[in-house]
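Values below: every heavy atom of this structure, side chains too, minus hydrogens, waters and symmetry copies. Given the structure is predicted, the values throughout are model-derived calculations rather than measurements. Chain letters run A, B, ... following the sequence lines, proteins first and then strands; every chain starts at 1.
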Amino acid sequence: MLDIQLLRTDLANVAGLLAKRGHTFPIAEFNTLEAKRKLLQTRTQELQARRNDTSRRIGNAKGRGEDIAPILAEITNLGDELKQVEVQLELTQTALRQILLRTPNLPHDSVPEGNSEADNREVRRWGTPRTFNFAMRDHVSIGESLGLLDFQTAAKLSGARFSLMKGQLARLHRALSQFMLDTHTGEHGYTEAYVPYLANAESLVGTGQLPKFKEDLFETRRPGFKMTERLLPNEDSQRGSLSGESLFEHDYLYLIPTAEVPLTNTVRDQIIASELLPIRLTAHTPCFRSEAGSYGRDTRGMIRQHQFEKVELVQIVHPQRSYDTLEELTGHAENILQKLELPYRVMALCTADMGFSAAKTYDIEVWLPAQNAYREISSCSNCEAFQARRMQARFRNEKGKPELLHTLNGSGLAVGRTLVAILENFQNTDGSVSIPKVLQQYMAGLDRLTMQDKK
RNA sequence: GGAGAGAUGGCCGAGUGGUCGAAGGCGCUCCCCUGCUAAGGGAGUAUAGGCUCAAAAAGCUUAUCGAGGGUUCGAAUCCCUCUCUCUCCGCCA
């Protein structure tokens, strides 16, 4: 969420920055609502002040045993008007809030301007893509012919965009996440966390997935929730809530699309002591994405799944440190690829290609031989105070005053895509796949995946 | 699933309709006292927002006692709904 003060004082400039990332800010609507808000809020507070004053006087008069009827007469219609104005104010503020909640972050000065992913800027490259002197295959072909990867059965169980792994491949998948966690906790100073995989709406609003990207999420309904009963008219007096939040939102939970959601929200509604900063958290979780709107893209293989695993990195830091931290965090993710000996490049995303909450993002793209391309395997973002403002996540600054934190997150890495990269980059002419050295200790010393016994 | 008890400021804890953003204590900050330490004395110490203002400072003001709604001139206090925590029983990985 952007600072509403900034919108009030510098709207044209803000709208210009948002336009760079393809977002059209509703300037006229905002100005109208804001003018209305100011009027209504002033009036509401006037009436509230009068009510408070009158009530105080009634209290005093009663204490002295005086007649309160004349004082009561002064405010005969005050209650009704106050109620009306309060309702209007609440509606106006809800409308403003809805605009704010759906407005993306402002891009940092250093973010390249662009209209599409083609305008992303390559920052650096590591490793050299291997050349094959045999008929190189993609991960689906490799995994299936080894008898370790089975999309047909996965489709029977759940549908498209799910996968089933078995045997040493399933183990390699597990080994990857263990290796990543061990590296981040052992070498990069992160604290491992085990987190809920179902999160409430408030958490998803905090990190920015809601309200705008609801269709990307898998939504679950809590057992015992009875929509028909609850929506019967005249059921209770809560109807007509003015808060703008759904009355029933606590009856829904969402499967997390990334561990960024639970990890970042750990500091929601908190004022952190500055000596506890920076907070570095990592977690290995499944991630669930509906992939609405990506029909037909990456339909083959494990690249784009409804369910995949990821080791996530989250840092919660002092605002002055957040851009240094972004470089460090990106380096932590790169370190995994280097240890795995997988070639990659780092891209600075352009204004048009960044995610909703990010002020600046580096994508790390791993080399996939079968696609003859670098593909995203990690996305590292500095959200500055954007999420912190939504979450009311603050720390006590040098003056002892609460100030919004900066939040960062990045994949370290997407496990499924890393597995794909290993299968393709480490394939051998006989159909086996070599296991990167750093993973062998997690595989009881096994150094290659081979044809399963077919008996 | 059954029965019960709770939720108040950084922490503990008082407060069952009025002048309460909230006693008291602890903690913390500053000052005084003390050779040092300890003890003692005094002052201060929530958050968000609005208006005035070019801005800062300041002033005025509103909201917040788990959340939302209601009753009332007035709600931490009364009523309703929900959430969460705890205890006992049952069930369960």
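Note on A/R51: a side-chain N or O is less than 4.0 Å away from OP1 or OP2 of B/A63. Proximity of A/N60 to the phosphate of B/G18: no side-chain N or O atom is located under 4.0 Å from OP1 or OP2. Distances shorter than 4.0 Å separate some side-chain N or O of A/R37 from OP1 or OP2 on B/C51. Between A/K38 and B/G50 there is no side-chain polar atom (N or O) within less than 4.0 angstrom of OP1 or OP2. At the phosphate of B/U83, neither OP1 nor OP2 sits under 4.0 Å from any side-chain N or O atom of A/N200. Distances shorter than 4.0 Å separate some side-chain N or O of A/Q5 from OP1 or OP2 on B/G50. For the OP1/OP2 pair of B/A48 and a distance below 4.0 Å, the side-chain nitrogens and oxygens of A/R394 include at least one atom meeting the criterion. Distances shown here put a side-chain N or O of A/K83 below 4.0 Å from the OP1 or OP2 atom of B/G70.
Spacing between atom CD1 of A/I58 and atom C1' of B/U19 amounts to 13 Å, rounded to whole angstrom units. Between the CZ atom of A/R389 and the C1' atom of B/U47 there is a distance of 16 Å, given to the nearest Å. Distance, A/E202 CD to B/C84 C1': 13 Å, rounded to whole Å. In this structure, A/L47 places its CG atom 14 Å from C1' of B/G50, rounding to the nearest Å. Whole-Å rounding puts the A/Q45 CD to B/C60 C1' distance at 11 Å. Remark: C1' of B/G49 and CZ of A/R43 are 19 Å apart, rounded to the nearest angstrom. Rounded to whole Å, the distance from CG on A/N77 to P on B/C73 is 13 Å. Rounded to a whole Å, the CG atom of A/D269 is 17 Å from the P atom of B/U64.
A salt bridge is absent between A/R390 and A/E202; no separation between the charged side-chain nitrogens and carboxylate oxygens falls under 4.0 Å. At a threshold of 4.0 Å, the pair A/R304-A/E291 counts as salt-bridged, since one of the basic side-chain nitrogens sits closer than that to a carboxylate oxygen. Between A/K310 and A/E312 there is a salt bridge, with a side-chain nitrogen of the basic residue lying less than 4.0 Å from a carboxylate oxygen of the acidic one. Ionic pairing of A/E219 and A/K214 is present here: one or more N-O contacts between side-chain nitrogen and carboxylate oxygen are shorter than 4.0 angstrom. A salt bridge is absent between A/R394 and A/E403: the closest approach of a Lys/Arg side-chain nitrogen to an acidic carboxylate oxygen does not fall below 4.0 angstrom.
Two rings, from A/F308 and A/F288, have their centers 6.0 Å or more apart. Proximity of the aromatic rings of A/H284 and A/Y194 is defined here by a centroid distance below 6.0 angstrom, and this criterion is not met. Ring pair A/F386/A/H406: centre-to-centre distance not below 6.0 Å.
Residue whose closest nucleotide on RNA chain B sits further toward the 5' end, between A/K62 and A/T44: A/K62. Residue whose closest nucleotide on RNA chain B sits further toward the 5' end, between A/N52 and A/T42: A/T42.
Pairing partner, B/C60: B/G50, with both Watson-Crick or wobble hydrogen-bond distances short of 3.5 Å. Shown here, B/A76 forms no base pair; nothing in the strands shown gives a Watson-Crick or G-U wobble contact with both key distances under 3.5 Å. Checking B/G35 for Watson-Crick or G-U wobble geometry (two distances, each under 3.5 Å) identifies no partner in any strand. Partner assigned to B/A23 is none, using Watson-Crick or G-U wobble distances below 3.5 angstrom. Across all strands shown, B/U81 forms a Watson-Crick or G-U wobble pair with B/A67, both key distances being under 3.5 Å. Nucleotide B/A43 forms a Watson-Crick or G-U wobble pair with B/U29, both donor-acceptor distances falling under 3.5 Å. Pairing for B/A14 is absent, judged as Watson-Crick or G-U wobble with the two contacts each under 3.5 Å. The partner of B/G1 is B/C89, judged by Watson-Crick or G-U wobble contacts that both fall below 3.5 Å.
Counting distance only, with no hydrogens placed and no angle test, the side-chain atoms of A/Q41 and the base atoms of B/G49 include no donor-acceptor pair under 3.5 Å.
As rounded to the nearest Å, B/A23 and B/U29 have C1' atoms that lie 22 Å from one another. The gap from the P atom of B/A7 to that of B/A46 amounts to 23 Å, rounded to the nearest Å. Rounded to a whole angstrom, the distance from the C1' atom of B/G21 to that of B/C82 is 26 Å. For the C1' atoms, the distance linking B/G69 with B/A58 amounts to 39 Å, nearest Å. For the C1' atom pair drawn from B/G9 and B/A76, the interatomic distance equals 13 Å after rounding to whole Å. Rounded to whole Å, the separation between the P atoms of B/U71 and B/A75 comes to 11 Å. Comparing B/U83 with B/A22, their P atoms are spaced 33 Å from each other, to the whole Å. Here, B/U77 and B/G18 have their P atoms 12 Å apart, quoted to the whole Å.
Looking at the side chain of A/R56, the nearest of the listed nucleotides B/U19, B/G70, B/G50 is B/U19. When the nucleotides B/A48, B/G49, B/U62 are ranked by their closest atom to the side chain of A/P402, B/A48 comes out on top. Among B/A63, B/U61, B/C73, the nucleotide with an atom closest to any side-chain atom of A/I75 is B/C73.
Within 4.0 Å (heavy atoms only), A/R64 reaches no atom of the nucleic acid at all.
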